[in-house]
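What follows is one structure encoded as C-alpha cells, with my remarks underneath.
First listed ligand is number 1; within each ligand, the first listed atom is number 1.
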Amino acid sequence: MTTDIKKIREEFPILNSRIGDRPLVYFDNTATSQTPQEVVESIAHLYEHTKANVHRGVHTLSQEATDLQEHTRRRVCEYINASGIEEIIFTRGTTEAINLVAASYGGAFFRDGDEVILTVMEHHANIVPWQLLQARHNIRLRVVDIDDEGNLDIEQYKSLFNERTVFASFCHISNVLGTVNPVKEMIAFAHSKGVPVLVDGAQASPHLKIDVRDLDADFYAFSSHKMYGPTGVGVLYGRRELLEKMPPWQGGGEMIKHVSFEKTTFADLPFKFEAGTPDFIDIAAFAKALDFIEKTGLDNIRAHEEDLLEYCTAEMMKIPGMRIFGTAPGKAAVISFLVGDIHPYDLGLLLDKMGIAVRTGHHCAQPLMDRFGIPGTVRASFAVYNTREEVDTFITALKRVISMF
Ligand code: PLP
C-alpha cells in the first residue's frame, strides 16, 4: 500500500507545498480534498480548447462543451446508480442542492403545522434551508439526538414520526463526529410512514459507494470539491416522480420550453432545475475526478483512511487531557478533539506554524457543539494521499504545541 500512496501523492503537486519552512501536512480533507493533476490539467485544457456555452449553439464548440457536460451527467448517474440522467441535477454544491429541495418541494407541499425531522449532527446546510421555509410555512423542526459516542438515537428517530411528519433530512456521515448513520434503515422506516427523505451525502460520497437505488433515497446531495474534484459543482439526485411534481426553484435561461409575458412553460428534467449558465467547465472536469476515485478504488481509499484513523486515534489517546468527540463504531476518518482547556483556535494556529492544516471552530455544526457544551473543536481528517509519516509529524507537533501551554 505504501508504494501506491507514494504514487498517488505524485498526482497531487500541492502536497509538496511548504508552510514557512515546514512541509505541508494537509489534514483538512473534510472541508475540501485536494485535486489530482489530471483534473487540474483538464480544466486548463477545457478553457484552452472547448469553452463555449452549453445547450445553446449549433456551432461545433458549443456542441463539444455540451457533450462533455452531459458525459459527466451520465458518469454521475452510473456512479450513484440512479435510474436515469433526468434524476441528476447539477448545482453549485450540497448546500445549493438542499436549498433547492427545501424551497421547491417544501415551498410547494408543506403546510402550517407540518413537521420535518432532522438530527442534531446536521451541518448548517441541512438546518438553515428548512428554517428559511418557516418564513412561508409554520413548520416545526424535530431533532434526533445522539449518545455520547455520536451514535444517532434511532429509537427516538422512529418515535418522532407522527401524522404531521412530511419530510426527513439527515446526513449520511457527520462532518464532525465521523458517524456513519444507518441511512438505509432510516429511509426504510420513513417510507413505511409515507415520508420522503433527503440524504446529505457531502461527507459520504468521497468515502463510500453510493447506490441511491439500494438506499431507496428520494434525494441525495453531494459536492465535487470533497471528492477530489473541482469547486463550484454539486449534484442533487432526485427521484423522478418527485422532481416531476416539484416546481422550478430558480427562473431564467435553460430551464424553459417557451417564454411569453402571458405564459411560460418549463423544460423537461433535469433542465427544469438548472436555470442559467452552469459551471460547465468544472462539471466536465468532475468526470475526471470520478475516474480518479474509480481507478484508486473506493475500497482501497476507505481501507487506507481507516488505517490512518486507527493509528492516529491510538497515538492521540496517549496524550493527557485528550478528548475525542465522535467514537461511534465504524466511523469515518475524521477526528474532532480538544486538549484540556486549550482553546481550539490556539491549537490550530500553532499547528499551522508547524505546517499542519487542521480545521478549528464549530465546523458549521453549532447545534452539535451546543449538544456537547463546547465552543468548537480541532478537526483532523484524512484522504487517500495522507500517510502514517504525516500522522507522526502531526502527533509530534501536537505534543509540542500542548507543551507551550
Ligand atoms: N453537509 C455536510 C455534512 C458537509 O460536511 C458540508 C461541507 O462541509 C456541507 C453539507 C456543505 O457542502 P458545500 O459547502 O460543498 O455545499
Side-chain angles (χ1 to χ4, degrees), residues 26-35 76 89-103 116 118-132 143-144 146 150 152 168-183 186 197-208 210 215 217 219-237 249-250 273 278-279 282-283 285-286 289 305 325-326 328 331-336 357-369 371 376-383:
Y26 186 79
F27 280 178
D28 192 18
N29 295 288
T30 294
T32 197
S33 53
Q34 298 302 340
T35 300
V76 170
I89 295 158
F90 289 123
T91 64
R92 284 192 300 124
T94 307
T95 304
E96 191 173 76
I98 300 173
N99 274 277
L100 188 166
V101 176
V116 174
L118 307 177
T119 84
V120 73
M121 67 170 80
E122 296 314 313
H123 188 282
H124 297 164
N126 195 24
I127 300 173
V128 185
W130 306 105
Q131 289 176 326
L132 291 177
V143 182
V144 187
I146 51 173
L152 265 191
S169 191
F170 40 76
C171 61
H172 198 158
I173 294 184
S174 157
N175 66 315
V176 177
L177 307 170
T179 309
V180 183
N181 288 321
V183 290
M186 292 168 76
V197 174
L198 180 147
V199 180
D200 170 353
Q203 294 302 337
S205 50
H207 310 287
L208 300 181
I210 307 300
L215 291 176
F219 300 99
Y220 197 99
F222 53 100
S223 302
S224 147
H225 71 96
K226 295 183 195 289
M227 302 172 72
Y228 307 101
T231 57
V233 179
V235 172
L236 173 67
Y237 159 80
W249 82 301
Q250 289 182 334
F273 292 107
D279 187 351
D282 291 304
I283 291 172
F286 181 35
E305 289 170 349
F325 298 87
K331 70 177 269 195
V334 181
I335 310 178
S336 289
V358 287
R359 185 130 305 230
T360 58
H362 53 63
H363 315 296
C364 297
Q366 280 180 330
L368 184 60
M369 299 298 121
R371 159 70 180 71
T377 70
V378 183
R379 182 183 70 188
S381 52
F382 310 119

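Nearest heavy-atom pair across Leu177 and Gly150 is CD1-CA, 4.0 Å. In terms of heavy-atom proximity, Ser336 sits nearest to Arg379 at OG-CG, 3.7 Å.
Close contacts between ligand 1 and Asn175 involve ligand atoms 5 (O) [criterion: under 4.0 Å to a heavy atom]. Close approach to Ser223 involves these atoms of ligand 1, each under 4.0 Å from a residue heavy atom: 12 (O), 13 (P), 15 (O), 16 (O). The distance from ligand 1 to the heavy atoms of Gln203 drops below 4.0 Å at these ligand atoms: 3 (C), 4 (C), 5 (O), 8 (O). Those atoms of ligand 1 that come under 4.0 Å of a heavy atom in Ala202, given as number and element, are 1 (N), 2 (C), 4 (C), 6 (C), 9 (C), 10 (C). Ligand-side atoms of ligand 1 in range of Thr94: 10 (C), 12 (O), 16 (O), range being under 4.0 angstrom from any heavy atom.
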Exercise for the section: Any chance you could lay out the side-chain contact (heavy atoms from CB on, under 4.5 Å) test for Ile173 and Leu208, step after step, and finish with the verdict? Expected result: CA-CA 10 Å; Ile173 294 184; Leu208 300 181; 3.9 Å; yes
Exercise for the section: In sequence, state the C-alpha distance, the side-chain angles, and the governing distance for Thr30 and Asn175, and then conclude on side chain to side chain donor-acceptor pair (under 3.5 Å). Expected result: CA-CA 7 Å; Thr30 294; Asn175 66 315; over 6 Å; no
Handout entry: Gln366 vs Ile127, side-chain contact (heavy atoms from CB on, under 4.5 Å): CA-CA, chis, key distance, verdict
Key = CA-CA 10 Å; Gln366 280 180 330; Ile127 300 173; over 6 Å; no
Practice task
Check step by step if side-chain contact (heavy atoms from CB on, under 4.5 Å) holds for Asn126 and Thr94.
Solution key: CA-CA 9 Å; Asn126 195 24; Thr94 307; over 6 Å; no
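When only non-hydrogen protein atoms are considered, atom 8 (O) of ligand 1 lies nearest to Lys226 NZ, 2.6 Å. Looking at atom 1 (N) of ligand 1, its nearest protein heavy atom turns out to be Asp200 OD2, 2.5 Å. Of the protein's non-hydrogen atoms, His123 CD2, 3.3 Å is the one closest to atom 4 (C) of ligand 1. If you check which protein heavy atom lies closest to atom 11 (C) of ligand 1, you get Thr95 OG1, 3.4 Å.
By the criterion of a heavy-atom distance under 4.0 Å, neither the backbone nor the side chain of Glu122 is placed next to ligand 1.
Polar contact check, Glu96 against ligand 1: no nitrogen or oxygen pair lies under 3.5 Å apart.
Enclosure of atom CZ in Arg92 is not indicated, since only 12 or fewer non-hydrogen atoms of other residues, nucleotides or ligands lie within 6.0 angstrom.
Aromatic ring orientation, His172 versus Tyr220: perpendicular (interplanar angle above 60°, classes split at 30° and 60°).
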